[in-house]
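This report refers to the structure that appears directly beneath it.
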Amino acid sequence: MHIEFEPLGLRIEAESGQTIYQVARDIFSHERGGISAPCGGKGLCGRCRVRLVEGELSPPNDTELKLLGEKELSEGYRLACQAIITGPAKIEIPPEILAGRQKLQLEGTGVSVLPEPPVSRYNVPLEPTSLDYPHSTWQQVELFLARNYGLTDLRVDPGLIGRVEPLAGEGTVTVTVRGSEIINAIFNGRARKPLGLAVDLGSTKVAGYLVDLETGATLATGGILNPQIAYGEDVISRLAYALEGEEQYERIAEVLRDGLGRLLHDLCDAAGVVPQDVEEAVIAGNTAMHHLLLKLPVGQLARSPYVPALTLPVEVKARDLGLQMAFGAVAYLVPAVAGFVGGDHVAMILSSGIHESQGVTLGLDIGTNTEIVLARDKEMLSCSCASGPAFEGAHIYQGMRAVDGAISRVEVADGGRELLYETIGGRPAAGICGSGVLDAVAGLYRAGVINYNGRLDASHPRVRFNEGRKVAEYVLVPAEKSGSDRDVVINQKDISEIQLAKAAIAAGTKVLLAKTGLTEKDIDKVIVAGAFGTHLRLESAIAIGMLPPLPLERFQQVGNAAGDGARMILLSKTARKGAEEIARRIGYLELAALPEFSNTFLQELRFPEIT
């Protein structure tokens with residue numbers, strides 16, 4: 001039967017008995033658009049709100065009655081994860097939950113490293129095999145490399161042997177050597193430049209870089225939303241899904257590998273090359289993404305004390321991850337530290353130079369999971385805190401990712417009676433993304449509309465009580481000026497989500513400081529990394545107590561430093577050894593095991609005193 005999704009204009013065939021969410025998850029790519037469901041379609045968050053335009057669906061169940069209410073149900077709104085298809089239908093996906101193309105932070109502050117890649121290319125002249133010269137192609141390669149370059153005891157990736165003519169005529173074969181293994185061979189063909197792929201594998205976003213391994217130049221950059229989002233916004237939801245059974249684990253690993261494969265092809269298309277030219281990959285991911293990509297055991301990682309199965313660097317054939325690179329190409333996964341401090345954090349430390357800094361440096365990579373490192377004269381201590389997906393717009397009533405129409409910047413004036421805002425793409429406001437929420441909460445707090453406990457002032461002219469949702473809310477944009485048919489608001493529950501997220505980061509920072517006998521005043525420099533960290537307004541983050549109250553000149557926003565680090569590790573064997581040394585040196589605190597973290601977290605839920 002036909003199901004039509006608007007505003008995408010996409011008609012698909014679906015089977016009766018599936019939920020709308022199941023159909024959308026299997027059909028949509030996140031570049032094209034789809035349905036955002038932070039809870040992974042479990043009927044917990046109420047965010048996958050769609051509208052039935054034509055046709056019929058299963059009757060509303062108790063979950064929908066609770067999360068939507070009779071009024072919205074009467075207007076045709078349903079929860080995609082609960083509504084079951086019973087016949088042909090037209091479904092509208094509201095703009096605020098449309099998982100469309102997102103503004104992704106790809107660049108950091110730049111990569112400056114002398115190219116010293118782990119692969120080397122050699123052009124080997126061949127002679128015709130004859131009775132006078134009875135050497136096969138591979139024998140000739142072996143003799144030439146030993147005689148001219150001192151390369152002995154080489155081995156060949158077994159899959160390559162049948163890809164090269166065993167008895168050569170005149171011509172050349174270009175071979176690529178990695179360590180003591182020949183991983184690629186181009187027989188009598190045009191040997192293009194050796195290329196590499198660097199990936200910053202995040203829970204929400206995946207950034208990719210196609211790099212010339214000879215010059216160090218970045219030929220193409222691109223990003224996608226992590227396709228595992230369909231199985232949950234946070235890593236614990238995804239780990240739980242993988243633990244449901246082998247079929248589920250295979251599915252969630254496969255969608256990630258497919259996404260990496262699409263990203264590789266897109267980058268190669270942009271640079272005018274083919275994936276078979278790519279001879280090395282480096283993947284820097286958080287611990288959960290690292291495990292789910294490699295299909296490592298995750299039971300022990302999904303529960304306290306959150307122990308990784310492996311923190312050593314991993315080298316695996318790229319083809320085993322579904323990456324159609326040069327046949328023998330290797331994918332190197334940057335080592336993790338512990339818990340949820342992963343290889344992406346190691347890459348961030350490497351590129352930002354925190355491991356070499358003098359004095360006291362605080363480094364934060366802010367996202368769904370925030371990693372924090374405190375460096376004191378090159379000694380490092382790290383932790384990870386579950387700041388949650390609120391900064392990505394999730395768990396916020398009208399939150400959305402950084403797509404067109406999302407409010408991204410807010411200025412509060414006249415005691416909160418006036419509001420100035422910017423949206424991504426200059427489109428009418430459909431919802432609000434993380435940086436906008438942070439600005440709004442900070443501005444309303446400074447204006448007195450929110451008190452130090454996070455409570456909205458019910459007497460304020462722009463604050464009202466929503467009878468349907470039983471919650472107070474502040475009207476950001478009235479319906480007639482919005483990009484949807486309703487007011488865009490921020491409500492009391494949204495403020496609480498921001499309090500939880502900022503308290504986790506602030507408490508993690510203060511516990512690290514206490515463990516090293518330092519205070520906030522001792523911090524000489526604060527490095528703020530990550531996509532959200534790049535776009536947040538420092539003044540807002542300081543105002544709500546998420547970041548230390550220090551002069552702005554002590555802060556440095558470095559963009560996607562993990563992506564920069566991944567490129568450094570791809571290009572340089574020295575940088576790769578440096579990353580491994582960082583992972584070995586850095587200390588780790590498991591916050592869940594520390595009673596003082598819980599106490600500090602509760603204290604940090606309040607907003608700081610306005611000075």
Side-chain angles (χ1 to χ4, degrees), residues 104-105 108 198-208 223-229 231-242 252-253 256-257 259-260 282-298 300-302 305-314 321 331-352 363-373 382-389 391-392 394 501 504-505 508 529-533 560-566 569 579 582-583 586 588-592:
L104 301 177
Q105 178 66 35
V199 176
D200 170 24
L201 179 55
S203 304
T204 303
K205 309 174 189 73
V206 182
I224 61 171
L225 291 178
N226 189 321
Q228 289 182 336
I229 287 173
Y231 301 91
E233 294 272 352
D234 61 273
V235 295
I236 295 298
S237 294
R238 297 182 207 175
L239 294 173
Y241 182 83
I252 199 169
L256 180 55
R257 294 177 179 184
L260 291 178
V282 165
I283 301 173
N286 66 54
T287 315
M289 293 302 99
H290 169 277
H291 279 48
L292 291 174
L293 178 66
L294 295 175
K295 287 197 66 182
L296 298 175
V298 293
Q300 79 296 331
L301 187 61
Y306 311 109
V307 179
L310 182 70
T311 57
L312 296 172
V314 174
L321 299 180
Y332 172 92
L333 280 87
V334 182
V337 176
F340 290 105
V341 176
D344 53 348
H345 192 57
V346 171
M348 184 276 282
I349 291 171
L350 177 73
S351 70
S352 61
L364 304 99
D365 197 343
I366 303 174
T368 305
N369 194 67
T370 295
E371 298 91 13
I372 309 173
V373 61
S382 67
C383 69
S384 170
C385 53
S387 44
F391 296 142
E392 303 290 348
I505 294 171
F532 179 74
N560 191 349
D564 281 351
I569 296 165
I582 289 170
I586 190 168
Y588 174 73
L589 289 180
E590 177 49 64
L591 296 179

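Reckoned from all heavy atoms, side chains included, excluding hydrogens, waters and symmetry mates. It should be emphasised that the depicted structure is a prediction, and the values quoted were computed from it without experimental measurement. In what follows, residues are counted from 1 in the order of the sequence shown.
With sequence neighbours left out, Pro313 forms a side-chain contact (heavy atoms from CB on, under 4.5 Å) with Tyr332, Pro335, Glu580. For the side-chain contact (heavy atoms from CB on, under 4.5 Å) test, residues two or more places apart in sequence or in another chain that qualify with Pro305 are Val307. In this structure Ser382 satisfies the side-chain hydrogen bond (donor to acceptor under 3.5 Å, both in side chains) test with no other residue, sequence neighbours excluded. Under the side-chain hydrogen bond (donor to acceptor under 3.5 Å, both in side chains) criterion, Tyr306 pairs with no residue at all, not counting sequence neighbours. Under the side-chain contact (heavy atoms from CB on, under 4.5 Å) criterion, Leu310 pairs with Leu296, Leu312, Val314, not counting sequence neighbours. In terms of the side-chain hydrogen bond (donor to acceptor under 3.5 Å, both in side chains) criterion, residue partners of Thr370 (sequence neighbours excluded) are, by chain and number, Ser387.
In this model, a donor atom of one side chain and an acceptor atom of the other lie less than 3.5 Å apart for Asn369 and Ser384.
Met289 contributes atom CE, which lies 7.0 Å from atom CG of Leu256 (distance to the nearest 0.5 angstrom). Considering SG of Cys383 and CD of Glu590, their distance stands at 9.0 Å, rounded to 0.5 Å. Here the straight-line distance linking atom CG of Leu589 with atom SG of Cys385 works out to 12.0 Å at 0.5 Å rounding. Note that CG of Leu321 is 5.5 Å distant from CZ of Arg257, once rounded to the nearest 0.5 Å. Atoms CG and NE2, on Leu333 and His291 in that order, are 11.0 Å from each other to the nearest 0.5 Å. Taking CD1 of Ile505 as the start and CD1 of Ile366 as the end, the distance is 5.0 Å to the nearest 0.5 Å.
The main-chain N or O of Ile372 is never found under 3.5 Å from a side-chain atom of Asp365 such that the two would form a donor-acceptor pair.
For the residue pair Met348 and Gly363, the shortest heavy atom distance occurs at CE-C, 4.4 Å. What you find for Ala336 and Ala583 is that their closest heavy atoms are O-CB, 4.0 Å.
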Q: Would you sort out whether Val337 and Thr311 count as a side-chain contact (heavy atoms from CB on, under 4.5 Å), showing the intermediate values?
A: CA-CA 6 Å; Val337 176; Thr311 57; over 6 Å; no
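Put simply, the residue from Val199, Ile349, Leu201, Asn286 that forms a side-chain contact (heavy atoms from CB on, under 4.5 Å) with Asp344 is Asn286.
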